[in-house]
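From a predicted model like this one, the values you see are computed outputs, not experimental measurements.
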Amino acid sequence: MEPYRVKVVESISLPSREERERALQRAGYNLFNLLSEEVYVDLLTDSGTSAMSDRQWAGMMLGDEAYAGSRNFVHFESTVRELTGFPHVLPTHQGRAAEHLLFTQFAHRGDIVPSNMHFDTTRAHVLRVGAKPLNLAVPEAYDPASPHPFKGNLEVPKLVELLEGPSGASVRLVMVTITNNTGGGQPVSLANLREVSRVCHEHGKPLYLDICRWAENAYFIRSREPGQSDRSVPEIGREIFGLADGATMSAKKDGLVNIGGFVATRDEKLAARLKEDLILYEGFPTYGGLARRDLEAISIGLREASDERYLEHRIGQVRFLADLLSVGGVPIMQPPGGHGVYLDVPRFLPNLPADQLPGQALVVELYREGAIRTAEIGAIMFGDGETPPARSLELVRLAIPRRVYSESHLRYVAKVVRAVWARREAVRGLRMVEAPEHLRHFTARFAPLGH
Ligand SMILES: *Cc1c(COP(=O)(O)O)cnc(C)c1O
């Protein structure tokens with residue numbers, strides 16, 4: 001059961017069928033355009049949607065809003081240093097701001113940025129400067145039915161081939177995302193991280209980690225990787241961070257806050273350059289685009305997110321929903337990931353061809369059925385700019401916000417998904433009527449086919 005009890009409640013309600021239909025039309029069939037009030041259970045993202053604890057709220061009241069040298073920054077810096085071992089820590093307003101700072105230093109026109117799998121914002125930052133994002137996840141990552149325990153792993157021989165090949169000089173850094181959000185919230189093993197780190201350092205390339213969900217990843221290592229079950233999550237975390245040169249983090253995930261992030265590094269010279277850009281784009285280094293009280297909430301949240309009782313319940317919730325769907329025959333990405341259940345679109349809607357945007361059609365149908373909001377992670381999110389990747393996934397993500405929903409909410413969600421599954425042959429496709437160039441999933445508009 002939940003290792004917490006409820007102290008504050010927020011009411012939610014189910015809009016009528018007509019209200020849902022009108023909302024879809026107004027939103028151009030893009031659920032990012034819905035009002036939160038039009039949604040009953042919101043599984044759009046687990047980012048910044050966590051419920052903060054009483055201790056975090058108490059911490060907010062201890063905000064020392066000094067422009068420079070706030071005590072909250074001192075607490076934040078010492079917490080991140082202690083958890084990660086990275087000496088230089090720069091707060092940012094969220095994860096993509098940390099990516100902006102890092103890629104401004106490390107990615108230039110013609111460069112290649114390898115990763116296990118780039119997240120949408122990482123990919124967009126790499127593309128923005130004219131560099132090429134390259135996904136090198138293991139083949140199992142692209143097979144939703146494979147039960148491989150670490151589908152977030154990077155395929156090391158491919159990395160070696162790249163670094164030793166003609167394009168090796170175009171690589172200035174290697175990124176690994178833990179857990180791999182785009183690939184289903186799948187973890188990366190410690191063994192894989194050790195190998196990637198060794199290869200990077202043999203070739204003189206720094207290794208940076210996208211550590212949005214490092215605690216969930218460490219929990220999977222503890223429960224699935226041989227020889228790791230006796231170690232604590234923070235202990236595994238310290239080994240992970242020890243293998244890398246630095247990291248970016250959106251604290252909106254495993255920081256259990258509604259806003260915030262950071263970039264951290266061991267490289268003192270780099271830190272000085274990052275700091276100059278930080279001041280220009282985010283703010284003075286002791287607040288980095290945040291209220292100082294937010295830094296206090298992050299310091300407390302980072303520790304709460306690495307608590308094993310919390311993680312056991314959180315990851316258990318994801319598995320609970322996955323099991324309810326699996327027993328109903330719904331095709332999902334296996335094994336279930338750390339922060340959500342991912343529907344396997346090609347098996348869910350085999351009759352809808354790719355040009356009828358089956359992922360988006362499914363997202364729309366789930367809203368129509370029960371006012372649940374989910375996200376397409378597939379052709380619309382990643383089909384812009386570059387030629388489509390050779391191996392791709394078509395997923396719909398049901399992201400579970402942290403400490404927000406109960407088992408009965410998840411039972412409701414499963415009922416809605418299974419109702420759509422039962423009438424899947426009647427789901428109609430969509431076409432895109434407005435498509436911006438970058439990060440188009442946020443703002444594109446669609447229309448139902450046959451209208
Ligand atoms: C959310 C996320 C980001 C970006 O963080 P924001 O706080 O949303 O800017 C980067 N990488 C991964 C893996 C993420 O999930």
Is it true that D143 and K151 have a side-chain N and a carboxylate O under 4.0 angstrom from each other?
no
CD of E365 to OG1 of T374: how many Å apart, nearest 0.5 Å?
11.0 Å
Do K253 and D46 sit within salt-bridge range, that is, some charged N less than 4.0 Å from a carboxylate O?
no
Worked check of side-chain hydrogen bond (donor to acceptor under 3.5 Å, both in side chains) between H118 and D210
CA-CA 9 Å; H118 286 276; D210 177 335; over 6 Å; no
Qualifying residue for side-chain contact (heavy atoms from CB on, under 4.5 Å) with V176, from I240, L243, L154, I211
L154
Residue R423 excluded, over 12 heavy atoms near CZ under 6.0 Å:
yes
Presence of salt bridge, E304 and R403, under 4.0 angstrom:
yes
Could you work out, with side-chain contact (heavy atoms from CB on, under 4.5 Å) as the rule, every residue matching R424, not counting sequence neighbours?
F348, L349, W421
Worked check of side-chain hydrogen bond (donor to acceptor under 3.5 Å, both in side chains) between H441 and Q360:
CA-CA 10 Å; H441 51 293; Q360 189 65 22; over 6 Å; no
Distance col, row W214:CH2 vs L209:CG, nearest 0.5 angstrom, shows 12.0 Å
Between H88 and E268, do the side chains contain an N or O donor and an N or O acceptor separated by less than 3.5 Å?
no
For T122 and H125, what are the C-alpha separation, side-chain angles and deciding distance, and is it a side-chain hydrogen bond (donor to acceptor under 3.5 Å, both in side chains)?
CA-CA 5 Å; T122 353; H125 274 291; over 6 Å; no
Using the six-membered ring wherever Trp is involved, compare the ring planes of F73 and F76 and label them parallel, tilted or perpendicular (cut-offs 30° and 60°).
tilted
Take atom NZ in K275; do more than 12 heavy atoms of anything else shown fall under 6.0 Å from it?
no
Would you say that more than 12 heavy atoms from the other residues, nucleotides or ligands in this model lie under 6.0 Å from the CZ of R231, or not?
yes
By salt bridge (charged side-chain N to carboxylate O under 4.0 Å, His left out), R445 pairs with (sequence neighbours left out) none
Would you call E195-R198 a salt bridge at under 4.0 Å N-O?
yes
The side chain to side chain donor-acceptor pair (under 3.5 Å) partners of N258 (sequence neighbours excluded) come to none
Spacing of CE belonging to M381 relative to OG belonging to S392, to within rounding of 0.5 Å:
13.5 Å
Between R128 and E99, is there a salt bridge with N-O shorter than 4.0 Å?
no
Of all the heavy-atom pairs spanning G183 and M333, show the shortest one and how long it is.
O-CE, 3.2 Å
